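Here the structure comes first, spelled out in structure tokens, and everything after it is commentary.
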Amino acid sequence: MKKIITDRPDKIYAETIIVGGGVVGCAIAYELASRGQDVLLLERSAIAGGTSCAAAGMLAADSEDFAHPLIAKLARQSRQLLIEQQVLMATLSEVETGLQHQGFLTPFRSYSELSSYKDNRKSALSASADEVWWDRSVVQQEASWLNRDTYGAYYRPYESEILPVHLTKAYAESAQVLGARVMEDIQDIRVQANEHGVQGITTSIGEMKCKHVIIAAGLQSEELMRHVNLSLPVWSVKGEIAAVQFSDEHAGYRPDRTVYAEDIYIVPKANGEVWLGATSLPGRTDLNVSVQGVQKLLTAATHWVPGMKEAQFIRAWAGVRPATPDGLPYIGACKSIPGLFAAFGHYRNGILLSAITGRLIAELLAGKSSEELGIEALSPERLNRKGVVQ
Ligand SMILES: Cc1cc2nc3c(=O)[nH]c(=O)nc-3n(C[C@H](O)[C@H](O)[C@H](O)COP(=O)(O)OP(=O)(O)OC[C@H]3O[C@@H](n4cnc5c(N)ncnc54)[C@H](O)[C@@H]3O)c2cc1C
């Protein structure tokens with residue numbers, strides 16, 4: 001990643017400073033830079049070094065069961081926007097994002113499993129007119145690698161997936177080509193604000209002045225907000241994920257589209273690997289991978305794709321999802337501190353929602369209100385108003 005440090009820190013000025021170089025911060029940098037804005041992104045370690053490097057990269061806008069109808073709507077918009085952005089980013093950056101559009105299958109073992117799925121799914125929120133029911137015979141014909149006892153499956157043809165680290169780097173590099181500045185290894189960032197609003201930030205290498213600060217630091221955003229006396233809780237939900245690969249000899253067993261089952265997802269990636277995810281461990285922040293976690297993933301994966309037994313185990317890793325108490329991300333202006341914006345708490349859909357988050361933040365900076373954008377439900381201070389946090 002190109003690092004640009006042109007001035008002495010105390011001389012650095014940017015109209016907008018973004019804190020955090022995960023997929024969300026980089027998507028915002030890209031959107032602002034593409035509008036000709038003066039933007040500086042600061043990352044304490046390396047671009048895509050946080051949760052974004054752990055994700056499976058599914059853009060599951062039709063398959064996820066979202067916490068709010070607004071998120072279901074934004075998810076579909078974001079998937080579309082992201083697909084469009086790829087075309088331009090391919091001309092700006094040399095990073096291949098591995099975007100694939102093979103659709104997702106949600107399979108069921110039995111009629112009763114299907115019924116309880118339908119009952120449990122907040123389907124009014126996210127059911128897609130674009131899903132097609134495949135009965136057993138269609139499944140056997142269209143997905144010969146899937147367990148032959150499968151009762152049936154929903155096929156969602158518009159679902160896509162991407163390589164998350166590559167996407168994050170493509171955003172960052174494209175933003176730089178469009179004029180954004182990106183600085184890595186910047187420690188001890190604190191927002192400076194007074195009664196008039198944001199003044200800038202302090203860092204281990206000095207002060208930087210700006211008009212707007214956008215906090216997009218994933219899990220660590222809560223701490224950054226606490227420095228300016230804002231309480232925006234972020235909860236940790238650890239997830240473990242594994243990668244396998246099929247040799248040429250066993251290529252016929254390799255799924256050719258994503259399996260999005262109740263107990264596992266199986267994602268054939270553009271880099272040749274197949275990713276199996278993920279466990280869900282609330283409250284855990286360590287990045288250890290347990291035998292139990294991997295065992296659970298492999299058991300579910302070999303049930304749905306019996307030929308998985310022939311695959312080669314490549315590696316396993318863990319990441320920590322940034323969740324919020326009501327399941328919605330914080331996207332918007334912090335009303336009590338003019339110039340300060342939040343863009344974090346995307347839980348298990350930050351890759352999917354990155355593009356629309358960038359667009360919404362850019363619209364807010366351009367002067368639109370969250371009411372005009374229809375995103376009051378994502379307002380950063382909503383939980384204080386409801387008395388959820390003091
Ligand atoms: C196992 C797993 C599977 C997942 N699968 C999917 C999926 O298929 N699809 C999907 O859409 N989402 C998925 N997710 C969720 C997704 O990964 C997250 O929602 C997303 O990565 C959050 O991005 P972010 O930019 O907010 O946070 P991060 O990627 O964590 O980025 C925040 C950045 O801020 C930096 N930072 C922190 N503090 C500071 C500071 N003080 N100063 C400067 N920089 C700072 C960090 O170093 C980091 O680089 C998955 C997550 C996990 C764990």
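As the structure is a prediction and not an experimental result, all values here were calculated from the model. Remember, it's 1-based here, ligands and their atoms both numbered in the order they're listed.
- Protein heavy atom at the shortest distance from atom 35 (C) of ligand 1 is Glu43 OE1, 3.2 Å.
- The option from Asp188, Thr357, Thr51 that lies nearest to atom 30 (O) of ligand 1, judged by heavy atoms, is Thr51.
- Hydrophobic clustering (side-chain heavy atoms under 4.5 Å, transitive across Ile, Leu, Val, Met, Phe, Trp, Tyr) groups Leu230 together with Val213.
- A side-chain N or O of Glu372 and one of Ser369 form a donor-acceptor pair less than 3.5 Å apart.
- For atom 18 (C) of ligand 1, the closest non-hydrogen atom of the protein is Tyr347 O, 3.6 Å.
- Distances between N or O atoms of Ile186 and those of ligand 1 include no value under 3.5 Å.
- Remark: ligand 1 atoms within the under-4.0 Å shell around heavy atoms of Val23 are 23 (O), 25 (O).
- Between Trp133 and Tyr151, the ring-plane angle classifies as tilted under the 30° and 60° cut-offs.
- Minimum interatomic distance between Arg382 and Pro329 (heavy atoms only, all atoms of both residues): NH1-O, 3.3 Å.
- Among all non-hydrogen protein atoms, the one lying nearest atom 21 (O) of ligand 1 is Ser52 OG, 3.0 Å.
- With ligand atoms numbered from 1 in the order given, ligand 1 contributes 53 (C) to contacts under 4.0 Å with heavy atoms of Gly319.
- For ligand 1, the atoms sitting less than 4.0 Å from at least one non-hydrogen atom of Ile189 are 42 (N), 43 (C), numbered in the order shown with element in parentheses.
- Atom 31 (O) of ligand 1 has its nearest heavy-atom neighbour, among Gly22, Ala75, Ala54, in Gly22.
- When all heavy atoms of Ile314 and Gln245 are compared, the pair lying nearest together is CD1-OE1, 3.3 Å.
- Scanning the protein heavy atoms around atom 45 (C) of ligand 1, the nearest turns out to be Arg44 CG, 3.6 Å.
- Every residue was checked against the side chain to side chain donor-acceptor pair (under 3.5 Å) condition with Arg254, not counting sequence neighbours, and none meets it.
- Applying the ring-ring contact (aromatic ring centres under 6.0 Å, His included) test to residues at least two apart or on different chains, the pairs with a partner in residues 222-253 are His250-Tyr253.
- The contact set between ligand 1 and Val24, taken as ligand atoms under 4.0 Å from a residue heavy atom, comprises 23 (O), 24 (P), 25 (O), 26 (O).
- Residue-ligand proximity, Val19 to ligand 1, at heavy-atom distances under 4.0 Å covers atoms 42 (N), 43 (C).
- Which parts of ligand 1 touch Gly239 is read off a 4.0 Å heavy-atom cut-off, strictly below it: atoms 1 (C).
- Interface atoms of ligand 1 facing Gln220, defined by a heavy-atom separation under 4.0 Å, are 37 (C), 38 (N).
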In sequence, state the C-alpha distance, the side-chain angles, and the governing distance for Lys209 and Glu15, and then conclude on side-chain contact (heavy atoms from CB on, under 4.5 Å).
-> CA-CA 8 Å; Lys209 297 290 174 200; Glu15 186 153 330; over 6 Å; no

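- A side-chain donor from one of Thr106 and Arg156 sits under 3.5 Å from a side-chain acceptor of the other.
- With a heavy-atom cut-off of 4.0 Å, Tyr265 touches ligand 1 through its side chain alone.
- Contact annotation: Gly277 has no heavy atom less than 4.0 Å from any atom of ligand 1.
- Of the protein's heavy atoms, Ala217 C, 3.5 Å lies nearest to atom 32 (C) of ligand 1.
- Heavy atoms of Met58 found under 4.0 angstrom from ligand 1 belong to the backbone as well as the side chain.
- Using modelled atom types, one finds no donor on one side chain facing an acceptor on the other under 3.5 Å when comparing His166 with Thr97.
- Asp256 and Gln102 form no side-chain donor-acceptor contact under 3.5 Å, judged by distance and modelled atom types alone.
- No salt bridge links Arg257 with Glu159; every basic N to acidic carboxylate O contact stays at or beyond 4.0 Å.
- Taking a cut-off of under 4.0 Å to the non-hydrogen atoms of Ser45, the atoms of ligand 1 that pass are 47 (O).
- Ion pair Asp263/Lys296 not flagged as a salt bridge, since none of the NZ, NE, NH1 or NH2 atoms sits closer than 4.0 Å to an Asp/Glu carboxylate oxygen.
- Counting only heavy atoms of the protein, atom 12 (N) of ligand 1 lies nearest to Arg348 O, 3.0 Å.
- Looking from atom 5 (N) of ligand 1 to the surrounding protein, the closest heavy atom is Ala56 N, 3.1 Å.
- From the protein, the heavy atom lying nearest to atom 4 (C) of ligand 1 is Ala55 CA, 3.4 Å.
- Between Phe344 and ligand 1 there is no heavy-atom distance shorter than 4.0 Å.
- When heavy-atom distances to ligand 1 are checked against a 4.0 Å cut-off, Leu353 has no atom that comes that close, whether in backbone or side chain.
- Residue Ile351 touches ligand 1 through backbone and side chain together, judged by heavy-atom distances below 4.0 Å.
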Ring pair (Phe, Tyr, Trp, His ring centres under 6.0 Å) assessment of Trp317 paired with Trp275 | CA-CA 11 Å; Trp317 63 95; Trp275 292 358; 5.3 Å; yes

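- Looking at Gly57 next to ligand 1, an N or O pair under 3.5 Å apart turns up.
- Within 6.0 Å of OH on Tyr158 lie no more than 12 heavy atoms contributed by other residues, nucleotides or ligands.
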